Protein chains: 2
Amino acid sequence: MPLYRNPTIIDVAQAAGVSKSVVSRVLTGNGQVSAQSRRKVQQAIAKLGYSSNAAAQALALGRTRNIGLLVRRSTAPFYGRLMFNLQEHAARAGYRMIAVTGNLDNASESRALQTLLELRVDGLVIGSGNLPTEEFRVIAANLPTVVVGRPAEGSNADVVRIDAVRQAHEAARVLRANGHHRIGFIQVPDSLSAAPRNRALRSILPEAGFDLTVAEGGYDLHEAVLAVRALLAEAPRPTAIISLSADGAWAALREAEVRGIAVAAELSVLSLDQPDDGYAVTREITSIPQSSGELAAQAWALLSARLENPAREPREVLVFSPVHHGSTVGPAQS
Amino acid sequence: MPLYRNPTIIDVAQAAGVSKSVVSRVLTGNGQVSAQSRRKVQQAIAKLGYSSNAAAQALALGRTRNIGLLVRRSTAPFYGRLMFNLQEHAARAGYRMIAVTGNLDNASESRALQTLLELRVDGLVIGSGNLPTEEFRVIAANLPTVVVGRPAEGSNADVVRIDAVRQAHEAARVLRANGHHRIGFIQVPDSLSAAPRNRALRSILPEAGFDLTVAEGGYDLHEAVLAVRALLAEAPRPTAIISLSADGAWAALREAEVRGIAVAAELSVLSLDQPDDGYAVTREITSIPQSSGELAAQAWALLSARLENPAREPREVLVFSPVHHGSTVGPAQS
DNA sequence: TTGTACGCGTTATCAT
DNA sequence: ATGATAACGCGTACAA
C-alpha cells in the first residue's frame with residue numbers, strides 16, 4: 001500500500017554499517033559512541049533524509065512531547081494569537097504544539113478534544129470559552145491541563161484568566177480621573193469567559209458612582225455598531241463608552257467620526273480588549289488590554305510546572321495589564 | 001514517571017473477560033464477534049474510558065489518518081478560515097487535521113513542517129504563501145501534498161489557487177460596465193501567493209484601456225489607509241478603487257466617509273478579497289472574493305484523490321468566484 | 001564502545 | 001466466533 005517507506009533507524013544503521021542501538025544513541029545523546037561511528041551515522045542520516053517517527057518514540061517512551069491546544073473557532077483573532085504565542089513557548093521547550101478547532105458547537109469541540117486524547121498529548125490547553133467544565137473534568141484529573149480565559153471550578157485544571165475585578169477598578173479609576181459620570185458600556189454575549197467580565201463591570205462601575213447604560217455588543221462588528229448607536233441615542237449622551245470587545249471600541253470611533261463627534265474631547269472610548277492589528281488607524285485606542293501574549297506565557301508556565309510535577313495543586317493565575325494610554329480618552333465635557 | 005496509565009485494549013479485554021483480539025475486532029469492525037462479546041466489550045470500554053492510542057495504531061497500520069496543515073501565521077483571518085474549513089472536510093472523511101504555524105519566517109516554518117513529518121501525516125496541506133517551493137520539493141515527491149493559494153512549479157504537489165487572470169478580466173468587465181476609466185489599484189506586498197494577482201491586474205487592466213494608478217496596500221489596515229489616501233490625492237481623482245485586500249476596501253470606505261465622498265455615486269469600491277466577518281457594517285462591499293471555503297473544498301478534493309492514488313499526476317485547480325454584487329460599485333461620474 | 005533482546009499498544013494473519 | 005502470535009519503529013536495560 002504505502003508507495004513510499006520512510007527510512008528507519010535500521011535503514012540508517014545498515015547504511016552506516018553499525019547496529020541500530022548506535023544510531024539510537026547518537027540520536028538521543030544517551031550513552032557513548034565513538035567519534036567515527038557518530039560521523040558515519042550522521043552522514044547516513046543526512047543521506048537518507050531520516051526523520052524520527054513520533055509514533056514509535058511515543059510508544060517506546062510512554063510520552064509524546066505533544067501538547068494539544070483546543071480552540072473554539074480558529075477564525076477569531078484572539079485564538080489565532082493564542083495559538084501563535086503558545087507555539088512559541090512549546091517549541092522553545094522542545095514540545096510540539098498541535099492545534100485543533102471545534103466548529104462553534106460543543107459536540108464538535110468534544111470530538112476535537114477526543115482527537116487530542118488519541119494523540120496522547122502530554123499536556124492540554126483549553127482555549128474555549130464555552131465548553132462546559134464537565135466535558136473535561138475527568139480528563140483534567142489525569143492529564144496536565146490548563147484552561148485559558150475562563151474559570152474551571154470543580155476540575156483539577158490550572159486556570160489563567162483576566163483579573164476582571166481589577167480591570168473594572170482600573171477602568172473606573174481612569175474614567176473618574178477624567179471626570180466622567182455617564183458611561184455607556186458595551187458588553188459581550190455571556191459565556192464562561194465573558195460572564196465574569198460583564199458582571200464585574202456591571203457591578204463595580206455603579207458602585208463607584210457611575211451612571212451606567214448597558215448595551216449588548218454581540219459577536220461581530222455589525223452588532224457592535226448597533227450597540228454604539230443605541231448608546232449614542234441616549235439623552236443625555238454618555239460622555240464615555242467602555243467596551244469589552246475591540247469591535248465595540250472600533251465601532252464607537254467609527255460612529256463618532258460619522259456623526260462629527262470629536263473622540264476624547266466630546267466622547268471618550270476605552271477598550272478592555274486587545275485591538276486587532278491595524279485597528280489603530282487614526283488614533284491609538286486607550287485600552288486595558290486582554291493580552292493574549294501574557295495569557296499564553298502564564299498558561300505555558302502553569303503547564304510546564306504541571307508537566308514536571310503532575311501532583312501539583314491546581315492554581316488560578318489572574319493576569320492584568322495596566323492601562324495603555326492612547327488618545328481616545330479625555331476629560332468629560334462639563 | 002507517568003502518574004496515570006491510559007487503559008489499553010488488554011485492560012479492556014480483561015475487564016470484559018475476552019481476548020484482546022475480540023476487543024480489537026469490535027473496535028475496528030473487522031471480523032465477526034458474537035453479540036454478547038460485543039456488548040461486554042462495549043461496556044468495558046465505557047467503564048474504563050478507553051481511548052484508542054493513535055501512536056500504536058499508526059505503527060501497526062503504517063498510516064496515521066493525520067493530515068497536516070502548515071500556515072504562516074495563525075493570526076491572519078484567511079488562515080484561520082482555511083484551518084476551520086479544512087478541518088471540516090478532514091473530519092468528515094475520518095481524518096484528523098493537525099495545524100501548525102510558523103513564526104513569520106521560513107526557518108520556523110521549516111521546523112513546523114518537520115513536526116508534521118515526524119507525526120507521519122498521511123497528507124500535507126501547505127497554506128503558506130511564502131515558503132519557497134524548494135523547501136518542500138523532496139517532501140512532496142513522496143507525500144501527498146497540496147499547496148493552497150500559490151504556484152508550486154517543479155514540485156509534485158497539487159495546487160489550488162485563485163484564477164488571477166479571470167478575476168482581473170471580471171474586474172475589468174464590472175468596471176467597464178459602469179463606465180469607469182480612472183482606476184486606483186491597491187496591491188498587496190509581493191509574495192508567492194500575491195505576485196500573480198498583482199501582476200494580472202497590473203497588466204490586464206491597462207490592456208483593457210483603463211488608466212491605472214497603483215498603490216502599495218501593505219500588511220495591515222494602517223498601511224491600507226495610507227494607500228487609499230495616496231490614491232484619493234491624485235488629480236483627477238480615480239472614480240473607482242480596486243483592492244486586492246479586504247483591508248484596502250474597508251479603508252477606502254472609511255476614508256470616503258470621512259471626506260464626505262459618496263461611495264458608489266462618487267467613488268466605487270471593488271474588493272478582490274473576502275471581507276472579514278463584520279466588515280459589512282454600513283453596506284455590502286461589491287467583491288470578486290477569494291473564497292477560503294472554496295479553496296479548502298478544492299484542496300480537500302485534490303488531497304483525497306491523491307491519498308487514494310498516490311501515483312496520480314499532480315494537477316493545478318484554479319478557483320474563481322463570480323462577482324458578488326454589493327452596493328459599493330456604481331456608474332462613474334461623467 | 002558495541003550489539004542483543006525485550007516491551008510499548010495495536011492490527012492482521014493464521015490456527016483453532 | 002475466538003485465541004495466539006508476529007509485526008510496526010524505537011528506546012533501553014543488559015550482556016559482551
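What you see is a predicted model; the values in this text were computed from it and never measured.
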J.: For A:S24, report the nucleic acid contact type (base, sugar-phosphate, nothing); a contact means any heavy atom under 4.0 Å.
T.: base
J.: Heavy atoms only, 4.0 Å cut-off, all strands: where does B:S21 land among base, sugar-phosphate and nothing?
T.: base
J.: Mind checking if B:Q57 touches a base, just sugar-phosphate, or nothing, with heavy atoms under 4.0 Å?
T.: sugar-phosphate
J.: If the plane angle is over 60° it's perpendicular, under 30° parallel, otherwise tilted; pick one for B:W300 and B:Y95.
T.: perpendicular
J.: Starting from the 5' end of DNA chain C, give me the residue, B:N30 or B:A55, whose nearest nucleotide shows up first.
T.: B:A55
J.: I'd like to know if A:R25 reaches the base of C:dG3 with its side chain such that a donor and an acceptor end up less than 3.5 angstrom apart.
T.: yes
J.: Please tell me which of the listed nucleotides, C:dT10, C:dT2, C:dG9, lies nearest to the side chain of A:L59?
T.: C:dG9
J.: C:dG3, C:dG9, C:dT2: which one has an atom nearest the side-chain heavy atoms of A:S34?
T.: C:dT2
J.: Output yes when A:D122 and A:R65 qualify as a salt bridge under the 4.0 Å nitrogen-oxygen rule, no when they do not.
T.: no
J.: Quiz question: going by heavy-atom distance under 3.5 Å, is there a donor-acceptor pair between the base of C:dA12 and the side chain of B:T28?
T.: no
J.: Taking atom types as modelled, is there a side-chain donor on A:E88 or B:N103 under 3.5 Å from an acceptor on the other?
T.: yes
J.: Applying a 4.0 Å non-hydrogen cut-off, can you work out what B:N6 is touching in the nucleic acid: base, sugar-phosphate, or nothing?
T.: nothing
J.: Give the nucleotide from the list C:dA5, C:dG3, C:dC8 with an atom nearest to the side chain of A:S19.
T.: C:dG3
J.: Can you establish whether the number of heavy atoms outside B:R312 located under 6.0 Å from its atom CZ is more than 12?
T.: yes
